[in-house]
Amino acid sequence: MRSIQLILTSLLLLIFSCNSPQAISTPTTPVLGQLKVGFDIDDTVLFSRDNFLKAPHMSDDPDHLDYGWVNSHDSLYSVIIEPIAELITWFRSKGHEVYFITARPGPNGAFVARHLSRTLGFQIEMNKNLFFSPKRKDPVSGHRFTSKHELISELGLHIFYGDSDTDMVAASVAGVRGVRVVRDARSVDAYSRNYFGDTKAAPLADAPFTEAGYQKFLAGGVGPYGETIYPIYLIVQDSTTTQE
Ligand SMILES: [Mg+2]
């Protein structure tokens with residue numbers, strides 16, 4: 001099963017590597033056949049729910065976490081997501097470049113770089129292959145929006161893996177392929193605000209998917225933004241499904 005996924009992924013990526021968006025400015029001369037692959041961190045590379053749940057708050061605002069604390073506690077409370085670690089290893093074994101872009105603010109970001117380096121087994125450095133790209137707020141509308149698309153474009157990425165809607169939006173705005181990494185069910189329980197992942201509440205205008213709808217997306221392999229789904233957890237398989 002995993003080998004078929006890797007083969008399909010490689011074919012998909014070869015197709016897209018031949019069709020890079022024109023608007024992207026690359027800092028270095030592209031190497032023919034070499035892909036630049038981006039990954040979100042939380043719920044994509046790291047199962048970090050416990051880190052976030054334990055983190056102190058800077059104010060009464062539930063979103064106002066002490067990210068300096070979060071960034072320095074992954075080694076204690078976050079767990080690598082093995083299927084993605086294997087995918088990253090596979091990309092690098094084929095000579096492709098791997099980057100990380102997180103929406104976490106950057107204080108103590110060197111701890112994240114060190115933890116990922118130790119866990120994934122290669123050198124990861126801030127502002128080289130690890131970037132902190134917090135959401136910004138439009139002063140007029142008050143809307144918060146992802147800024148990841150800017151780095152995706154500047155780095156000249158060809159594909160971006162992430163678990164959240166904003167990852168898919170960022171990839172789409174940057175004009176590259178977004179691949180949805182399916183969240184661990186425990187994170188879906190803890191963070192139900194995500195448009196795609198909010199399957200716990202009754203259907204609402206801004207969160208229309210039920211658990212049954214969610215399973216249909218997983219079974220179909222295509223998310224609500226038309227993105228490819230990378231189901232790293234075997235939550236859609238039943239006893240009649242065989243693994244290869
Ligand atoms: Mg994430």
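Atoms within each ligand, like the ligands themselves, are counted from 1 in listed order. The basis for the numbers below is simple: all heavy atoms, side chains too, and nothing from hydrogens, waters or symmetry mates.
Both the sub-6.0 Å distance and the 45° axial angle are satisfied by Arg92 relative to the ring of Phe122. Remark: Arg136 is not positioned above the aromatic ring of Phe145, lacking an NZ or CZ atom under 6.0 angstrom from the ring centre and at most 45 degrees off the axis.
Under the 6.0 Å cut-off for aromatic ring centres, Phe131 and Phe100 do not qualify, their centroids lying 6.0 Å or more apart. Aromatic rings from Tyr214 and Phe209 are positioned such that their centres are separated by 6.0 Å or more.
Other residues, nucleotides and ligands place more than 12 heavy atoms under 6.0 Å from the CG atom of Leu53.
Tally of protein N, O or S atoms closer to the Mg ion (ligand 1) than 2.8 Å: 3.
Using a 4.0 Å cut-off between charged side-chain N and carboxylate O, Asp167 and Lys148 make a salt bridge.
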